[in-house]
4 protein chains.
Amino acid sequence: MAKNVAPDSTRRSEKSRRAIYDAALALVGEVGYPKTTIEGIAARAGVGKQTIYRWWSSKAEVLMEAFLDLGEQAGGESYAIPDTGDLAADLKAVLRATVDELKDPRFEVPSRALAAEGVVNEELGRKFVEKLLEPSLQLYVARLRSAQQAGDVRPEIDPRIALELFVSPLAQRWLQYSGPISYEYTDTLVDYALYGLAPR
Amino acid sequence: MAKNVAPDSTRRSEKSRRAIYDAALALVGEVGYPKTTIEGIAARAGVGKQTIYRWWSSKAEVLMEAFLDLGEQAGGESYAIPDTGDLAADLKAVLRATVDELKDPRFEVPSRALAAEGVVNEELGRKFVEKLLEPSLQLYVARLRSAQQAGDVRPEIDPRIALELFVSPLAQRWLQYSGPISYEYTDTLVDYALYGLAPR
Amino acid sequence: MAKNVAPDSTRRSEKSRRAIYDAALALVGEVGYPKTTIEGIAARAGVGKQTIYRWWSSKAEVLMEAFLDLGEQAGGESYAIPDTGDLAADLKAVLRATVDELKDPRFEVPSRALAAEGVVNEELGRKFVEKLLEPSLQLYVARLRSAQQAGDVRPEIDPRIALELFVSPLAQRWLQYSGPISYEYTDTLVDYALYGLAPR
Amino acid sequence: MAKNVAPDSTRRSEKSRRAIYDAALALVGEVGYPKTTIEGIAARAGVGKQTIYRWWSSKAEVLMEAFLDLGEQAGGESYAIPDTGDLAADLKAVLRATVDELKDPRFEVPSRALAAEGVVNEELGRKFVEKLLEPSLQLYVARLRSAQQAGDVRPEIDPRIALELFVSPLAQRWLQYSGPISYEYTDTLVDYALYGLAPR
DNA sequence: TTCTAACCGAGACGGTACGTCCGGTCTTCAA
DNA sequence: TTGAAGACCGGACGTACCGTCTCGGTTAGAA
């Protein structure tokens with residue numbers, strides 16, 4: 001029967017793709033992820049359902065690409081981490097910016113939706129991490145390596161693990177509503193992580 | 001006409017409730033959360049749909065209670081955190097046990113399902129935290145307070161925040177597939193958290 | 001997994017059935033059979049699609065039953081064939097009435113639709129004949145038998161075949177648009193059939 | 001802007017036309033008329049959909065022309081009606097041949113499909129009659145006129161109507177499955193029609 | 001002989017309806 | 001009065017085709 005032929009992407013309609021991204025993000029923002037339906041996206045985008053099914057295999061995938069696309073066009077290369085020489089101050093500044101972003105509804109609803117889907121759908125979760133999460137984390141890795149050269153962080157520390165000490169707590173509180181989020185909180189995280197819990 | 005009267009819980013069928021819990025957990029384990037349906041639970045439990053709708057308002061709630069019930073009958077009061085006087089060793093031991101639990105499929109699928117639902121459904125998320133997550137975390141709070149009295153942790157440290165330095169990274173790696181999980185990893189987390197990243 | 005259980009017809013909603021019949025007949029009359037859809041019937045009847053699929057297996061079947069039902073409630077026992085003793089006059093009268101009915105749009109559209117479907121769908125065709133066509137034809141059989149006893153029709157004639165000489169031509173002209181239909185035409189058919197083509 | 005220009009038939013691809021006819025007839029024979037789709041015909045014929053839409057306006061039209069074409073190339077001018085001088089024998093012979101043809105599946109499926117479509121689609125129905133049915137019937141007209149000149153049929157009889165007495169019953173039994181078809185049956189029809197039902 | 005206009009295969013597109021599945025409500029009957 | 005059973009309305013699912021619309025490519029006849 002061989003009908004599972006891959007579609008010809010050179011003939012893909014750019015206009016439709018954009019319309020689908022826009023509709024998907026708008027709907028997720030307006031009615032939430034679970035009430036966002038493929039039918040709804042298609043209708044809002046003025047597109048046939050088949051045009052969605054032809055290029056994506058689930059609404060999670062649509063939303064993921066829409067979100068990536070949003071980041072690409074809007075963010076440029078997102079925001080780098082400053083390197084003023086004062087590690088604690090630099091980290092606190094970035095985390096404060098992250099706090100703001102996490103509370104911005106423009107990003108919050110689709111991020112949550114994707115994160116939630118990723119929890120339950122391993123493939124999507126890994127793609128989410130690879131495409132969105134890890135690139136951001138690598139910025140911390142770079143900053144921590146720089147701090148190691150400056151002697152501000154012990155050389156035997158693995159930066160990829162180290163960054164989790166202050167990033168993951170914030171992430172968890174946000175994702176799971178397991179605690180309030182504030183500048184004070186993130187400042188505290190940085191201090192604890194840099195200087196440890198034990199007496200010095 | 002008023003039909004929205006709360007059902008009389010004294011006449012509730014205990015057998016049905018157990019059957020529903022069992023069916024819900026079994027289905028989530030077998031086909032995953034999204035393919036678990038209320039109809040499916042009802043059929044498997046040999047129960048009418050109305051019996052589910054009468055006592056719960058969503059499949060997330062059913063699963064949540066089923067999971068709580070599982071914990072209650074099985075875990076007793078879960079496992080406490082040992083207090084041998086060696087804080088680092090105690091924390092490493094508990095986190096190693098947690099690693100094992102996170103990899104046990106009996107717990108993994110429903111936990112993930114609930115966590116994911118909680119990400120996107122704030123009400124459920126808060127209940128999840130309150131009923132399942134926070135009680136566990138309080139065990140760490142207690143252990144850290146004890147360590148403060150023993151002088152192993154600086155007195156100005158807030159234990160509720162401190163525990164996140166080693167608990168949240170593990171939680172995030174597990175939830176979001178953002179990194180591998182191992183005894184080595186959790187041991188490292190404890191060391192970093194206790195002694196900080198900065199040179200001592 | 002054994003979901004093909006027959007529905008329980010004692011609990012069937014009479015109101016829905018009637019609404020579906022009405023909607024089906026109305027739609028066929030308004031937009032024609034090919035543009036009548038199950039979704040359209042369901043929407044017009046204010047009924048879920050599943051309620052149609054639960055009780056019928058195709059739109060042809062729905063329409064068939066709707067039409068039968070129409071006949072039952074409206075027609076009583078349809079119209080009998082008069083027996084005045086004058087066979088030719090009686091047949092001519094009935095055929096004239098049939099001509100009028102065939103031209104009545106209230107009956108024409110659904111009849112055509114069913115007949116057409118029956119041409120191509122043997123099962124439905126046979127049901128159509130059994131439930132609608134044959135009972136009418138049997139009235140002619142009875143009248144012809146009476147004529148045989150009166151000596152107006154030769155005794156060796158098979159009435160079931162004989163009636164086709166004047167009924168089938170009319171049916172064919174109507175069904176296939178193969179010729180005009182008029183009182184004159186049907187009168188002629190009766191004369192030809194009774195007295196034959198050959199010189200007497 | 002005007003794009004509704006009639007296509008230039010001198011540049012038409014004969015190969016495509018033949019392939020479309022073949023595919024249409026093959027598909028109707030294999031899966032039946034309703035499951036025969038334009039897309040299916042195009043795919044089977046190795047032809048773009050537009051090539052079909054350019055030259056025909058519906059699948060009924062395609063099939064009609066395919067069928068006409070089949071008749072032309074295969075049948076020659078179909079079969080004439082013999083004129084041996086014995087009218088009854090001649091008619092019986094032709095009707096017996098018709099019985100055989102009606103039971104030949106090579107003709108049956110597309111004929112039924114066209115007839116059914118014609119029942120419900122007046123335009124197509126009339127074309128069907130004009131192109132296929134009426135030419136055949138005219139052969140009977142000719143034979144009956146000859147019989148009138150020979151004195152075997154009363155002169156005031158209208159041959160176009162007369163032929164329906166034996167042709168239409170057969171047609172109806174076939175089309176509507178309203179009765180069995182056999183040589184005996186058609187022989188009887190001829191006898192009844194020629195000599196009438198009334199006592200001579 | 002080159003240009004250009006059309007047909008052609010292919011298939012993406014906006015749509016409509018399909019037949020299925022399930023959500024959540026309501027009704028019936030047995031215990 | 002609870003509970004099992006399941007019919008009901010509604011609505012999304014993912015698929016199949018519809019008829020329209022590009023997109024190269026090929027294949028004439030006109031320049």
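The side chain of Ser16(C) places an N or O atom within less than 4.0 Å of a non-bridging phosphate oxygen (OP1 or OP2) of dC9(F). Phosphate proximity of dG14(E) to Thr51(A): present, with a side-chain N or O under 4.0 Å from OP1 or OP2. Contact check, Trp55(A) against dC13(E): a side-chain N or O comes under 4.0 Å of OP1 or OP2.
Within a 6.0 Å sphere centred on CD of Glu123(A), other residues, nucleotides and ligands contribute 12 heavy atoms or fewer.
Put simply, CD1 on Ile52(A) is 12 Å from C1' on dG14(E), counting in whole angstrom units. One interatomic measurement links the two molecules: CZ of Arg11(D) to P of dG29(F), which rounds to 8 Å at whole-angstrom precision. Rounded to an integer number of Å, the gap from CZ of Arg54(D) to P of dA10(E) is 14 Å.
Backbone-only contact: Arg12(C) has heavy atoms under 4.0 Å from sugar-phosphate atoms and none from a base.
Within the cation-pi definition used here (under 6.0 Å to the ring centroid, within 45° of the axis), Arg17(D) does not qualify as a partner of Trp55(D).
Lys49(D) contributes no side-chain N or O that forms a donor-acceptor pair with the base of dG11(E) under 3.5 Å.
When each of Gln50(D) and Gly48(B) is assigned the nucleotide of DNA chain F with its nearest heavy atom, Gly48(B) is the one assigned upstream, toward the 5' end.
Interface residues of residues 22-43 of chain A facing DNA chain F, ordered by number: Thr37(A), Ile38(A), Glu39(A); criterion, heavy-atom separation under 4.0 Å.
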